[in-house]
K.L.:
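Mind having a look at this structure? Questions to follow.
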Number of protein chains: 2
Amino acid sequence: MNPNKKKSNNSLEKLATLADVAEQAQVSTATVSRCLNSPERVDPNTRERVFKAIDALSYTPNFGARAMAARRTQTVGAVIPTIENSIFARGIQAFQEELSNHGFTLLVASSSYKPAREEEEIKNLIARGAEGLLLIGYDRNPVIYEFLRNRKIPVLVTWAFDPSESRPAIGFNNVEAMSNLTKRIIELGHRQIGFITASLQNNDRARNRFKGIQEAMKKADLPEKNLQLVQTSYSIENGSKAFEKIMGGKQRPTVVIGGNDVLAVGALRKAIEMGFRIPDDVSVTGFDDIELAQVVDPPLTTVHVPHRRMGTRAAQILVALINGEKFENSEKLQTTIQFRGTLGQAPQ
Amino acid sequence: MNPNKKKSNNSLEKLATLADVAEQAQVSTATVSRCLNSPERVDPNTRERVFKAIDALSYTPNFGARAMAARRTQTVGAVIPTIENSIFARGIQAFQEELSNHGFTLLVASSSYKPAREEEEIKNLIARGAEGLLLIGYDRNPVIYEFLRNRKIPVLVTWAFDPSESRPAIGFNNVEAMSNLTKRIIELGHRQIGFITASLQNNDRARNRFKGIQEAMKKADLPEKNLQLVQTSYSIENGSKAFEKIMGGKQRPTVVIGGNDVLAVGALRKAIEMGFRIPDDVSVTGFDDIELAQVVDPPLTTVHVPHRRMGTRAAQILVALINGEKFENSEKLQTTIQFRGTLGQAPQ
DNA sequence: CTAGTCTATGAAAGCGCTTGCATCAAAATT
DNA sequence: AATTTTGATGCAAGCGCTTTCATAGACTAG
């Protein structure tokens, strides 16, 4: 009567399930399941029949059902601040490769540097069965850590290593890295320093880099007022604006330190645009050593971070954590200064 | 007797479930479920009690169980060729934002430009409940398309638009885009052209860009032998090597076209390193117009692709497809040539 | 030849949720 | 006051899988 009622009668209504495969292959669902999960435990002939049926039906196991029944997902999650620029890309890529070596799948989400988004994404990953989490930096609402602890989800902090924090982490010491760089900068005669950074709030990495600069300046007896700070969000464009702002002030710095390469490259572009000779008139440095740094002209002097090693080790540690192994200590990686063309003697 | 047998007695053994919440709040699981999915259908007092319990227990719904019971996941998947360089980042970001406006979550995977990996990731995404898929380019094993069709998963192709293909797509016409660029190049007097591209195999976008060059050359009566081709994989480094190789030949081109910005930037760097003046001695062009293009010196002339618009529309179309709306036609976006500093008159 | 081992398989319970249907009390309608 | 409607809730059946336990047949050993 009502032809609208029957929907898409043109073909099979539902997706193939384990049971369908079982029926087609004339075995029980248990056997099909075994074929998929421990093939060696089933007779070769049966096995072949089953796989034929699987093919014939375009069957794919339903992850949710499997996770529920097996109480294992072999999945880990990572939430990174941004996907748009490639700060985290290399590290995450390595992380994922190593994870895959251990039979784990990676789910990655991004927070756009917003704590609330991060919290949401963390919950989402957990809901999706992540058995462990990789998070960038230490800073976040203690409630989340508590939540994760309650749910017994191992968490590994990365991209930072802070000796004063106790939770598992693999990364580098941001204070130290930046302090080292600043020390070299000061040795080159610079006395007025500009620092362009992401917002210091909710971002221990940015804060610690700032602290590194301060410490080095203090050690060299430079007064705090010689350091000018501009906070902005990560983008080349913003780096440029920040540079303009800093150079517009009365106390022009002779070196501008970028909180990361993206900001630094923005600053560098603007500097050139404004007619500064680099590094003769003004020096610029970055942090991270992403591909971008090598491609600008002059190439950017920056703090090199061992992205891939960090990602790989992170995967190993997280897998160990998931398998119940203890790992109370953190692991510190060394950064180095990558001297290229943008850092020079302070103009005089 | 055997203290090893009891495992981690230090705390609650299992994660909180809906049932635990129900018990704690003195209601049925049905009510808790309603609180989560249609709060307006439950009494405010009850609701409050339930949410209190949820908090107290650090409860998060189990995605798998929910998906299974509700037969809906509100998830779509995308598999992109690479995450390491940011070719796809902006588009995917926009895709994800728009998806989120429609209440969908995005799962992204990467294939490293390997067909087998892509197939794997597609199945993985399906297993995880993706209700629709965004794929880059048309080229893939027909078996996969068939598989997807059997499972009734809507697929949207993007980053390409080919009038001769019938499946839903949103993108730009790679042949046309590259042909337009080449036409301009030829108008500038160039007669010897080099083309650095990703492998043409399994990559319709690369192939079509190649075709675009060929067509434009034909139209201008340039013989095929005036076009030199180097295939390599995407990286700045490889772009540099390819440039060196091309310039090492006897028939030096006066312009080198990069199949994308990454390759082009590599070529550009090497060109400068080899002492060529750009664009006086040799011109270089890219494709995609990613951030990188603006940052090199001289800034790269490239084909601008409307990444964000493409991502946003892709999300809208895919959601429509999932909701059963018909969308047989593809949607073509316009590319433009972004003239910057690396394309000039052919040297004479 | 019988008891004991294996090996391959099946039956069925249960994983954590949603939802149709039933229930019941309170509000609205007559 | 009797009846109907409405709103809030509970019951219980699955959703698609894995896994324990049981079973039956085929071998091995004594």
Side-chain angles (χ1 to χ4, degrees), chain A residues 12-51 53-54 57-75 123-124 126-131 151, chain B residues 12-51 53-54 57-75 123-124 126-131 151:
Chain A
L12 13 103
E13 208 51 51
K14 315 193 52 55
L15 296 183
T17 70
L18 232 216
D20 297 332
V21 175
E23 186 178 10
Q24 170 111 1
Q26 300 277 28
V27 296
S28 72
T29 61
T31 299
V32 179
S33 175
R34 281 190 282 259
C35 277
L36 261 19
N37 300 303
S38 35
E40 74 285 357
R41 292 169 38 82
V42 17
D43 186 278
N45 300 310
T46 318
R47 213 190 302 157
E48 194 191 344
R49 221 165 358 118
V50 169
F51 281 119
I54 287 179
L57 298 171
S58 290
Y59 168 78
T60 328
N62 175 317
F63 174 83
R66 167 178 288 191
M68 202 153 77
R71 349 299 284 298
R72 210 61 222 278
T73 59
Q74 299 284 103
T75 296
K123 293 203 171 166
N124 184 250
I126 299 305
R128 290 190 127 91
E131 300 184 43
R151 313 224 19 156
Chain B
L12 13 102
E13 208 50 52
K14 315 191 50 57
L15 295 184
T17 69
L18 233 216
D20 298 330
V21 175
E23 187 178 10
Q24 169 111 0
Q26 301 277 29
V27 295
S28 72
T29 61
T31 299
V32 179
S33 175
R34 276 181 211 113
C35 276
L36 261 19
N37 299 303
S38 35
E40 74 284 357
R41 292 168 39 83
V42 16
D43 185 277
N45 300 309
T46 318
R47 214 191 300 157
E48 194 191 342
R49 223 166 355 119
V50 169
F51 281 120
I54 288 180
L57 297 171
S58 290
Y59 168 78
T60 329
N62 175 317
F63 175 83
R66 167 179 287 193
M68 201 152 77
R71 350 300 281 302
R72 216 48 226 281
T73 59
Q74 300 283 99
T75 295
K123 292 203 171 165
N124 184 251
I126 299 305
R128 291 190 124 93
E131 300 183 42
R151 314 227 13 158

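Keep in mind that the numbers below use all heavy atoms, side chains included, and drop hydrogens, waters and symmetry copies. First the proteins, then the strands, lettered A, B, ... as listed; each starts at 1.
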K.L.:
Would you give the length of the straight line joining atom OG1 of T31(A) to atom CG of D43(A), rounded to the nearest 0.5 angstrom?
P.N.:
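Result: 10.5 Å between the selected atoms.
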K.L.:
Could you state the CZ-P distance from R72(B) to dT19(C), rounded to the nearest angstrom?
P.N.:
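The distance from CZ of R72(B) to P of dT19(C) comes to 11 Å, rounded to the nearest Å.
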K.L.:
Does a side-chain N or O of N62(B) approach OP1 or OP2 of dC15(C) to a distance below 4.0 Å, or not?
P.N.:
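For dC15(C), neither OP1 nor OP2 has a side-chain N or O of N62(B) closer than 4.0 Å.
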K.L.:
Looking only at side-chain atoms of T31(A), point me to the closest of dC17(C), dG10(C), dG16(D).
P.N.:
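It is dG10(C).
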K.L.:
Around Q74(A), counting heavy atoms of other residues, nucleotides and ligands shown, do more than 12 lie under 6.0 Å from its CD?
P.N.:
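Counting other residues, nucleotides and ligands, CD of Q74(A) exceeds 12 neighbours.
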K.L.:
Closer than 3.5 angstrom, by distance alone: can the side chain of E131(B) be matched with the main-chain N or O of R72(B) as a donor-acceptor pair?
P.N.:
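Between the backbone of R72(B) and the side chain of E131(B) there is no qualifying donor-acceptor contact (under 3.5 Å).
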K.L.:
Closer to the 5' end of DNA chain D via nearest nucleotide, is it R41(B) or M68(B)?
P.N.:
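So the residue in question is R41(B).
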K.L.:
Determine whether N62(B) and T17(B) make a side-chain contact, defined as any pair of heavy atoms from C-beta on separated by less than 4.5 Å.
P.N.:
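Heavy-atom side-chain distance check fails, nothing below 4.5 Å.
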K.L.:
Quick check: closest heavy atoms across P61(A) and A127(B), and the distance to 0.1 Å?
P.N.:
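The answer is O-CB, 3.3 Å.
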K.L.:
Reckon T17(A) touches a base, only the sugar-phosphate, or nothing at all at heavy-atom distances under 4.0 Å?
P.N.:
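Sugar-phosphate contact only.
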K.L.:
dC17(D), dC17(C), dA12(D): which one has an atom nearest the side-chain heavy atoms of A65(A)?
P.N.:
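So the nucleotide nearest the side chain must be dC17(D).
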K.L.:
Side chain of A69(A), heavy atoms from C-beta onward: which of dG16(D), dG10(C), dT18(C) has the nearest atom to it?
P.N.:
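Between dG16(D), dG10(C), dT18(C), the one nearest the side chain of A69(A) would be dG16(D).
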K.L.:
Report for the helix from dC1(C)-dG30(D) to dT30(C)-dA1(D): angle between first-end and last-end helix axes, five pairs each, rounded to 10 degrees.
P.N.:
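That helix gives 30° between its end axes.
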K.L.:
Rounded to whole Å, how long is the line connecting atom CD of E40(A) with atom P of dT7(C)?
P.N.:
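It is 12 Å, rounded to the nearest whole Å.
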K.L.:
R151(B) and T60(A): side-chain donor and acceptor closer than 3.5 Å?
P.N.:
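The criterion, which ignores hydrogens and geometry beyond distance, is satisfied for T60(A) and R151(B).
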K.L.:
Round to the nearest Å and state the distance from F63(B) atom CZ to dT18(C) atom P.
P.N.:
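After rounding, the gap between these two atoms is 12 Å.
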K.L.:
Please determine if a side-chain N or O atom of T46(B) lies less than 4.0 Å away from the OP1 or OP2 oxygen of dT9(D).
P.N.:
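T46(B) to dT9(D) OP1/OP2: side-chain N or O found under 4.0 Å.
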K.L.:
Strictly below 4.0 Å, heavy-atom distances to any atom of DNA chain D: list the hits from residues 19-28 of chain A, or just say none.
P.N.:
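Per residue number, the list is empty: none.
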K.L.:
For E48(A) and dA8(C), what is the distance between atoms CD and P respectively, to the nearest whole Å?
P.N.:
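So the two atoms are 16 Å apart, to the nearest Å.
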K.L.:
Within the structure shown, what part of the strands sits under 4.0 Å from Y59(A) by heavy-atom distance: base, sugar-phosphate, or nothing?
P.N.:
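If one applies the 4.0 Å heavy-atom cut-off, Y59(A) turns out to touch the sugar-phosphate alone, with no base involved.
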K.L.:
For the side chain of A70(B), counting heavy atoms from C-beta on, which of dC17(C), dT18(C), dC11(D) is nearest?
P.N.:
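In terms of side-chain proximity for A70(B), the closest of dC17(C), dT18(C), dC11(D) is dT18(C).
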K.L.:
Tell me whether R34(A) contacts the main-chain N or O of R41(A) through its side chain, where contact means a donor paired with an acceptor under 3.5 Å.
P.N.:
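No, R34(A) side chain to R41(A) backbone: no donor-acceptor pair under 3.5 Å.
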K.L.:
Please give, in whole Å, the distance from dG16(D) C1' to R128(B) CZ?
P.N.:
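Spelled out: CZ on R128(B) to C1' on dG16(D) is 16 Å.
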K.L.:
Grab the CZ-C1' distance between R151(A) and dG16(C) for me, whole Å please.
P.N.:
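Those two atoms, CZ and C1', are 11 Å apart.
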K.L.:
Take the protein atom CD1 of I54(B) and the nucleotide atom P of dC17(C), then report the distance between them rounded to whole Å.
P.N.:
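In whole Å, dC17(C) P and I54(B) CD1 are 10 Å from each other.
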K.L.:
CD/Q24(A) to CG/D20(A) distance, rounded to the nearest 0.5 angstrom?
P.N.:
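Output value for this atom pair is 8.5 Å.
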K.L.:
Is the backbone of C35(B) close enough, under 3.5 Å, to the side chain of R47(B) for a donor and an acceptor to pair up by distance?
P.N.:
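No, because the side chain of R47(B) does not come within donor-acceptor range (under 3.5 Å) of the backbone of C35(B).
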K.L.:
Is there a donor and acceptor pair closer than 3.5 Å between the side chain of R71(A) and the base of dG14(C)?
P.N.:
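Per atom types, no contact qualifies.
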K.L.:
Between dG10(C), dC17(D), dC15(D), which nucleotide gets closest to the side-chain atoms of R34(A)?
P.N.:
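When the side chain of R34(A) is considered, dG10(C) is the closest of dG10(C), dC17(D), dC15(D).
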K.L.:
Are any of the side-chain heavy atoms of L36(A) and F51(A) separated by less than 4.5 Å?
P.N.:
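Answer yes - side chains close enough.
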K.L.:
Measure the distance from CG on L18(B) to P on dG10(D) and round it to the nearest whole Å.
P.N.:
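Going from CG in L18(B) over to P in dG10(D) covers 13 Å.
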K.L.:
Nearest to the side chain of V42(A), which nucleotide is it out of dG16(D), dC17(C), dT9(C)?
P.N.:
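Given the options dG16(D), dC17(C), dT9(C), the side chain of V42(A) is closest to dT9(C).
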